[in-house]
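Report on the structure given below.
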Number of protein chains: 2
Amino acid sequence: MPTRQERADAVRNRAAILAAAADLFDRADATTVSVQEIARSAGVSKAAVFRHFGDRSGLIQHILEPRAAALRDAVTDGPPPLGPGAPPAAALTAYLDALLDFVYRNRVLIRAFEYLGPDAYYTNAASRFWIAELGRRLAAVDPHRDADYLAHAVFTALRADVLDYLHTVPGMTRPRIRTGLHTLATGAPPPDDRTPRRRARRTSAD
Amino acid sequence: MPTRQERADAVRNRAAILAAAADLFDRADATTVSVQEIARSAGVSKAAVFRHFGDRSGLIQHILEPRAAALRDAVTDGPPPLGPGAPPAAALTAYLDALLDFVYRNRVLIRAFEYLGPDAYYTNAASRFWIAELGRRLAAVDPHRDADYLAHAVFTALRADVLDYLHTVPGMTRPRIRTGLHTLATGAPPPDDRTPRRRARRTSAD
DNA sequence: CTAGGATACGAACCGACGGTTCGGATAGCA
DNA sequence: TGCTATCCGAACCGTCGGTTCGTATCCTAG
């Protein structure tokens with residue numbers, strides 16, 4: 001029994017919801033966007049949103065997934081150093097840079113996801129993949145450290161809310177965060193680091 | 001004009017609310033405890049809770065503050081190595097241990113606080129104090145690293161939700177987290193570390 | 001082209017949330 | 001004892017994520 005073709009209005013509405021949601025999530029503070037708003041912005045009833053995506057979490061995942069797929073492909077099948085085959089140190093550097101970039105570009109959406117529930121950020125399939133891969137690359141660089149713990153710690157430092165906070169409140173620039181992140185993961189700045197060396201940097205007198 | 005003495009029932013109710021809230025928060029998942037529940041458990045109306053503490057955030061802070069005060073005093077005025085006067089490495093080790101212990105003991109309450117809002121965890125006065133002190137001790141140990149960034153990263157690794165997750169999902173023990181945390185902060189395990197050395201530790205086959 | 005059954009639609013509804021309003025009870029003070 | 005500032009709880013508010021259900025729409029078989 002062949003499944004009936006999907007109704008045209010259903011296809012249209014789902015696309016409209018996705019577009020409206022992506023737009024609203026990317027624009028505003030993620031936690032303040034209600035499903036009601038998204039539905040209204042898409043010209044659709046709230047029930048339609050829940051029918052298509054199950055719940056708020058499903059909607060967010062549907063927007064985030066295609067964006068994450070590109071990075072995942074580059075990591076598993078792309079050319080080195082991000083893809084497989086590069087020497088461990090270069091592989092780790094490229095991976096950290098790619099993750100930082102990805103989280104930063106999608107930070108509002110990821111924050112919405114983090115905010116879903118206590119462990120939502122860590123226990124979803126995508127994050128588990130990133131963490132496992134991070135652990136592998138860390139272990140390849142230095143098998144003496146506890147790569148599993150370190151992977152979780154570094155991944156935590158990559159949380160969207162953390163990056164957002166570091167950027168807006170203490171005003172840390174992205175290169176500085178990048179340097180700090182690499183230092184955290186490897187004990188040394190990345191090879192091409194351009195941030196000035198500093199001794200006993202003092203907190204700015206604010 | 002001398003202020004009238006506070007009404008006895010007001011004093012009684014405030015104490016009852018604090019006790020009930022502390023109990024509920026310590027017991028259950030922090031994010032699921034509603035003000036309604038607290039009020040009912042204290043034998044008081046919901047309005048009474050808001051009258052005494054302003055809002056949910058105020059209530060949580062009122063419970064957390066006295067617990068934090070003890071640690072803060074030990075850090076600023078207590079005997080070394082937690083208090084001032086110890087050599088930098090010992091001061092940092094003691095501080096990390098004290099923070100880890102404090103967060104772990106009060107993790108449910110702190111999670112409730114973290115959950116209040118996006119930057120609530122970092123921007124409140126107490127956290128700013130812990131982060132600044134952490135930065136100072138980190139800088140004293142190694143002035144070459146970016147102590148300000150590192151302080152934020154280590155403090156993030158000390159978030160209650162992170163510790164809770166590490167403990168319950170990947171099943172990391174507290175000594176292991178402690179070792180990882182010290183390694184993160186200093187590049188080496190704490191001097192009295194007892195966790196077995198491991199090379200290329202593999203993720204358990206789950 | 002049309003009839004009919006599947007399917008998606010939105011309006012109305014649900015319980016619970018944090019927070020507010022307000023008239024009435026009550027405790028402190030003279 | 002009586003006045004009054006204070007504190008009380010019941011009822012209410014708008015909004016949230018999520019569900020129910022009668023109806024309108026769309027695909028498809030004849």
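Side-chain atoms are counted along with the backbone in the values below, which use heavy atoms only and exclude waters and symmetry mates. In what follows, chains carry the letters A, B, and so on, assigned in the order in which the sequence lines appear, proteins first and then strands, with residues in each chain numbered from 1.
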> C/dG19 P sits how many Å from B/Phe50 CZ, rounded?
Replying inline: 5 Å
> Under 4.0 Å between a Lys/Arg side-chain N and an Asp/Glu carboxylate O for A/Arg137 and A/Asp142?
Replying inline: no
> Should the pair B/Asp26-B/Arg107 be classified as a salt bridge under the 4.0 Å nitrogen-to-oxygen rule?
Replying inline: no
Please tabulate, one pair per line, each protein N/O and nucleotide N/O from nucleotides 1-6 of chain D that are separated by under 3.5 Å, including the distance.
| residue | atom | partner | partner atom | Å |
| --- | --- | --- | --- | --- |
| D/dT6 | O2 | B/Arg7 | NH1 | 2.1 |

>> Among D/dC8, C/dC9, C/dT21, which nucleotide has an atom closest to any side-chain atom of B/Ala47?
In response: C/dT21
> How far does CG of A/Leu138 sit from CD of A/Glu133, to the nearest 0.5 angstrom?
Replying inline: 10.0 Å
> What is the bend of the helix from C/dC1-D/dG30 to C/dA30-D/dT1 when you compare the axis at one end with the axis at the other, using five pairs each and rounding to 10°?
Replying inline: 0°
>> Please report the distance, rounded to the nearest Å, between CD in B/Gln36 and P in C/dG18.
In response: 8 Å
> Does any N or O in the side chain of B/Arg111 come within less than 3.5 Å of the main-chain N or O of B/Val108, such that one atom is a donor and the other an acceptor?
Replying inline: no
> Can any side-chain N or O of B/Tyr122 pair as donor or acceptor with the backbone N or O of A/Val162 at less than 3.5 Å?
Replying inline: no
>> Rounded to whole Å, how long is the line connecting atom CZ of B/Arg14 with atom C1' of D/dC8?
In response: 15 Å
>> From NZ of A/Lys46 over to C1' of C/dC13, roughly how many Å is that when rounded to an integer?
In response: 10 Å
> Are B/Arg67 and B/Phe102 in a cation-pi contact, defined as NZ or CZ under 6.0 Å from the six-membered ring centre and within 45° of the axis?
Replying inline: no
>> Please tell me whether B/Tyr121 and B/Tyr115 form a close aromatic pair, meaning their ring centres lie under 6.0 Å apart.
In response: no
> Which of these nucleotides, C/dG18, D/dC7, D/dT19, is closest to any side-chain atom of B/Asp9?
Replying inline: D/dC7
>> With a 4.0 Å cutoff (strictly under), does any side-chain N or O of B/Ser34 reach OP1 or OP2 of C/dC17?
In response: yes
Name each donor-acceptor pair under 3.5 Å that joins a side chain in residues 37-49 of chain A to protein atoms two or more places apart or in another chain, with its distance.
| residue | atom | partner | partner atom | Å |
| --- | --- | --- | --- | --- |
| A/Glu37 | OE1 | A/Ser34 | N | 3.2 |
| A/Ser45 | OG | A/Ala47 | N | 3.4 |
| A/Ser45 | OG | A/Ala48 | N | 3.3 |

>> Listing request: all ring-ring contact (aromatic ring centres under 6.0 Å, His included) pairs with a residue in residues 55-76 of chain B, at least two apart in sequence or in separate chains.
In response: B/Phe53-B/His62
Quick one: side chains of residues 76-84 of chain A, donor-acceptor pairs under 3.5 Å with protein atoms, not counting sequence neighbours, listed by atom name and distance.
| residue | atom | partner | partner atom | Å |
| --- | --- | --- | --- | --- |
| A/Thr76 | OG1 | A/Arg72 | O | 3.1 |
| A/Thr76 | OG1 | A/Asp73 | O | 3.4 |

>> Whether A/Arg176 engages the ring of B/Tyr149 as a cation-pi pair (distance to the six-membered ring centre under 6.0 angstrom, angle to the ring normal within 45°) should be assessed.
In response: no
>> Between B/Glu6 and B/Val11 (side chain of the first, backbone of the second, donor and acceptor by atom type, cut-off under 3.5 Å), is there such a pair?
In response: no
> Between C/dG28, C/dC17, D/dT28, which one does the side chain of A/Gln5 approach most closely?
Replying inline: D/dT28
> Which residue, B/Arg12 or B/Val33, contacts DNA chain C at a nucleotide closer to its 5' end, judged by nearest heavy atom?
Replying inline: B/Val33
>> At less than 4.0 Å, is any side-chain N or O atom of B/Asn13 found next to OP1 or OP2 of D/dC7? Yes or no.
In response: no
>> Below 4.0 angstrom, which residues in residues 51-62 of chain B have at least one non-hydrogen atom near DNA chain D?
In response: B/Arg51, B/His52
> How long is the line joining CZ of B/Arg40 and C1' of D/dA10, in whole Å?
Replying inline: 15 Å
>> Quick check on D/dA10: is either OP1 or OP2 less than 4.0 Å from any side-chain nitrogen or oxygen of B/Ser45?
In response: no
